[in-house]
Amino acid sequence: MSKGITSRSEDYSQWYNDLVTKADLAEHSAVRGCMVIKPYGYSIWEKMQAALDKMFKDTGHTNAYFPLFIPKSFFSKEASHVEGFATECAVVTHYRLKNDGNGNIIVDNEAKLEEELIVRPTSETIIWNTYRGWIQSYRDLPILVNQWANVVRWEMRTRLFLRTAEFLWQEGHTAHATSEEAVAEAEKMLEVYADFAENFLAVPVVKGIKTANERFAGAVETYCIEALMQDGKALQAGTSHFLGQNFAKAFDVKFTNKEGKLDHVWATSWGVSTRLMGALIMAHSDDAGLVLPPKLAPIQIVIVPINRGDEELARITEVVDKLISELKAKGIAVKYDDRDTQRPGFKFAEYELKGVPVRVAIGGRDLENGTAEVARRDTREKQSVSREGLADYLEQLLDEIQKNIYQKALNFREENITKVESYEEFKEILDGKGGFVSAHWDGSPETEQKIKEETKATIRCIPLNNPQEDGVCIYSGKPSKQRVLFAKAY
RNA sequence: CGGGGUGUAGCGUAGCCCGGUAUCGCGCCACAUUUGGGAUGUGGAGGUCGUAGGUUCGAAUCCUGCCACCCCGACCA
């Protein structure tokens with residue numbers, strides 16, 4: 001089908017790698033585990049950022065920026081937090097290089113830092129150390145801050161976008177006067193993420209809470225959105241944490257409440273990362289390349305002229321220019337590819353690979369008939385459309401494509417949530433069709449751990465508003481009040 | 001970090017066992033003919049063979065270290 005892309009059925013991982021590199025999204029860098037996000041890939045990320053940033057602002061948040069480096073002592077103040085991240089931290093120990101006299105640049109051992117700096121794997125500690133100075137009274141609360149930043153987690157195995165040593169993300173850090181308010185904030189941001197995932201990424205998600213095993217290091221409760229990829233593996237697409245008073249206690253952040261009493265501040269943090277790029281790719285794309293939802297596509301419509309000679313091209317361009325101004329007036333990102341160095345068939349394949357939602361081809365025949373050939377990326381259907389009202393038609397088509405790819409992903413997700421009643425059945429589904437497996441669990445971390453060791457499946461979440469029903473744990477046979485969602489995950 | 005594999009032109013590769021300065025395809029450049037699904041012909045450019053050492057008259061080839069990537073494990077967004 002497509003040149004140089006491994007098919008999904010042949011090798012799903014390789015298909016993913018091929019897509020990321022061939023569609024010019026990212027490439028491996030000279031630094032182990034770190035990627036270069038290429039202009040086309042970064043354009044998509046910028047669209048995600050813009051949409052999310054607006055949603056954050058609309059819910060009352062403001063952006064700020066905190067340092068890349070965190071003093072080691074800050075980092076160790078919250079016990080479970082440091083334990084969770086200790087094994088994957090990059091540490092800065094020196095601040096100078098020197099010439100060793102033989103023309104080699106070496107670390108200057110004279111320039112050792114008195115206290116090592118951790119390259120942030122997340123910023124709770126530096127932020128809460130800072131918040132201490134910002135908060136004295138309930139009148140200073142809430143603090144609703146977000147930062148767009150890079151973070152570093154020294155991963156053993158990396159995959160472009162899904163897991164890299166350095167990645168880009170946003171992290172919201174809020175401070176509240178009451179537990180209820182902080183919980184409400186964490187839940188609100190989970191809703192924002194779910195809204196973004198479904199309406200922009202066109203990826204349906206399950207909202208839920210994490211079990212103790214899967215909880216963020218330092219959190220009291222971790223909320224998450226979980227998405228299902230085409231290969232039947234789950235992907236955590238975003239998390240929102242209720243941090244209780246853990247960081248306030250660790251950093252001694254107190255405030256005087258309305259009753260005049262001192263209390264520790266209540267906290268949340270929440271984040272999504274460039275991993276969403278991975279979700280976007282794996283949720284919709286096919287063997288011909290990327291399939292981008294119109295709302296995140298850097299190019300929403302590409303127009304390709306099909307001409308014999310310059311004279312005909314000029315006549316086509318005249319028609320196209322008019323169409324472009326109509327589309328731009330509607331706020332649609334349109335590109336006219338009139339390069340004469342590539343032939344139309346090449347361009348068709350290229351824009352399919354890059355996931356451009358709609359392609360419009362206009363040739364000599366169309367000039368005569370007053371038509372254009374419109375091809376949609378999601379279904380790969382082509383049809384001839386009258387130029388009369390074409391801009392309106394295309395605008396609606398983009399909406400329809402956005403809805404269609406969401407619906408397609410939703411259908412897939414629904415077909416791949418399987419209820420099971422026994423451990424045998426559980427293993428059979430995991431090894432066969434995959435996807436989410438809905439099963440009774442006794443609620444113990446030990447059972448969860450055993451299941452993970454034996455099947456590699458983890459509890460992705462306990463869905464919000466989960467129906468309560470009596471049953472028995474598929475593993476231990478102990479009584480259970482509800483089903484939880486298991487899956488193999490990225 | 002453990003096990004396995006791979007690194008030769010921008011990309012994909014042959015050559016390596018058995019040492020003598022590198023094969024083919026795509027891409028690139030020029031010109032011509034082409035243009036409704038990845039054009040064709042002719043000519044041309046491009047390589048410290050991942051990297052640093054070692055063995056040798058001579059290393060892509062043999063030996064050692066290092067680096068990167070891929071697959072599988074442990075860890076994680």
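Letters A, B, ... are given to chains in the order of the sequence lines, protein chains preceding strands, and every chain is numbered from 1.
- Ring orientation note: the planes of A/Phe486 and A/Phe426 are nearly perpendicular, at an angle over 60° on the 30°/60° scale.
- Looking at A/Asp287 and A/Ser7, their side chains never bring a donor and an acceptor atom within 3.5 Å of each other.
- As rounded to whole Å, 12 Å separates atom C1' of B/G36 from atom CG of A/Asn369.
- Distance CD (A/Glu454) to P (B/A74): 13 Å, rounded to an integer number of Å.
- We find that A/Glu446 and A/Lys450 are not joined by a salt bridge, their nearest charged nitrogen and carboxylate oxygen being 4.0 Å or further apart.
- Within the 4.0 angstrom heavy-atom criterion, no nucleotide atom of any strand lies near A/Asp340.
- Nucleotide B/G12 has B/C24 as its partner under the Watson-Crick or G-U criteria, with both atom distances under 3.5 Å.
- In terms of polar N and O atoms assigned as donor or acceptor, the side chain of A/Lys382 comes within less than 3.5 Å of the base of B/G37 in a complementary pairing.
- To the nearest angstrom, C1' of B/G37 lies 14 Å from CD of A/Gln342.
- Shown here, B/C49 forms no base pair; nothing in the strands shown gives a Watson-Crick or G-U wobble contact with both key distances under 3.5 Å.
- A straight line from CG of A/Asp11 to C1' of B/C72 spans 13 Å, rounded to a whole angstrom.
- Judged by closest nucleotide on RNA chain B, A/Glu352 is the one of A/Glu88 and A/Glu352 placed further toward the 5' end.
- Evaluation of atom-type donor-acceptor distances gives a pair under 3.5 Å for the side chain of A/Arg359 against the base of B/G37.
- Comparing B/G73, B/U35, B/C70 by their closest approach to the side chain of A/Arg343 singles out B/U35.
- Shown here, B/U13 is classed anti by the O4'-C1'-N9-C4 or O4'-C1'-N1-C2 angle, which is more than 90° from 0.
- Across every strand in view, B/U61 sits unpaired, with no contact that passes the Watson-Crick or G-U test at under 3.5 angstrom.
- Side-chain proximity of A/Lys452 to B/C71, B/C76, B/C69: nearest is B/C76.
- The CG atom of A/Leu162 sits 16 Å away from the C1' atom of B/C71 (whole-angstrom rounding).
- Taking 4.0 Å as the cut-off between side-chain N and carboxylate O, A/Glu27 and A/Lys38 count as a salt-bridged pair.
- Nucleotide B/A68: paired with B/U6 (Watson-Crick or G-U wobble, both distances less than 3.5 Å).
- B/G47 and B/G27: their C1' atoms are spaced 16 Å apart (whole Å).
- Per the geometry, CG belonging to A/Asn17 stands 16 Å off P belonging to B/C11, to the nearest Å.
- Comparing atom distances between the A/Phe346 side chain and each of B/C69, B/G36, B/G38 picks out B/G38 as nearest.
- A/Ser123 and A/Gln147 share a side-chain donor-acceptor pair at under 3.5 Å.
- As rounded to the nearest Å, B/G58 and B/U40 have C1' atoms that lie 45 Å from one another.
- When each of B/C72, B/G36, B/U35 is scored by its nearest atom to the side-chain atoms of A/Arg308, the top-ranked nucleotide is B/U35.
- Residue-level contact check: A/Gly278 touches neither bases nor backbone, having no heavy atom under 4.0 Å from any strand.
- If you check every strand for non-hydrogen atoms under 4.0 Å, A/Gly364 touches a base.
- In this structure, the CG atom of A/Asn213 is 11 Å from the P atom of B/C75, given to the nearest Å.
- The same atom, C1', is picked in B/U21 and in B/U61; the two are 12 Å apart, to the nearest Å.
- Nucleotides B/C16 and B/A59, compared at atom C1', are 11 Å apart to the nearest Å.
- Distance CD1 (A/Ile306) to C1' (B/G38): 14 Å, rounded to an integer number of Å.
- In this structure B/C1 sits in a base pair with B/G73, meeting the Watson-Crick or G-U test at under 3.5 Å.
- Using a 4.0 Å heavy-atom distance criterion, A/Leu235 is classed as making no nucleic acid contact.
- Using a cut-off of 4.0 Å between Lys/Arg side-chain N and Asp/Glu carboxylate O, A/Asp24 and A/Lys354 are scored as salt-bridged.
- Annotation: B/C63 and B/G19 have their C1' atoms spaced 13 Å apart (nearest Å).
- Between the side chain of A/Glu350 and the base of B/G37 there is no donor-acceptor pair of N/O atoms closer than 3.5 Å.
- Judged by closest nucleotide on RNA chain B, A/Leu160 is the one of A/Phe216 and A/Leu160 placed further toward the 5' end.
- On the P atoms, B/U34 is 16 Å away from B/G41, given to the nearest whole Å.
- Comparing the same atom, P, in B/U6 and in B/U64 gives a spacing of 15 Å after rounding to whole Å.
- Comparing the same atom, C1', in B/G50 and in B/A9 gives a spacing of 14 Å after rounding to whole Å.
- Between A/Trp270 and the choices A/His173, A/His241, A/Lys188, A/Gln170, the side-chain contact (heavy atoms from CB on, under 4.5 Å) rule is met once, by A/Gln170.
- Minimum atom distance to the side chain of A/Glu155 is reached by B/C75, of the listed B/U35, B/C70, B/C75.
- Checked against B/G36, B/C1, B/G38, the side chain of A/Ala349 finds its nearest nucleotide in B/G38.
- Base pairing of B/G41: its partner is B/C31, meeting the Watson-Crick or G-U wobble criterion (both donor-acceptor distances under 3.5 Å).
- By the 4.0 Å N-to-carboxylate-O rule, A/Glu454 lies too far from A/Lys427 to be salt-bridged with it.
- A/Thr164 comes within 4.0 angstrom of a base, heavy atoms only.
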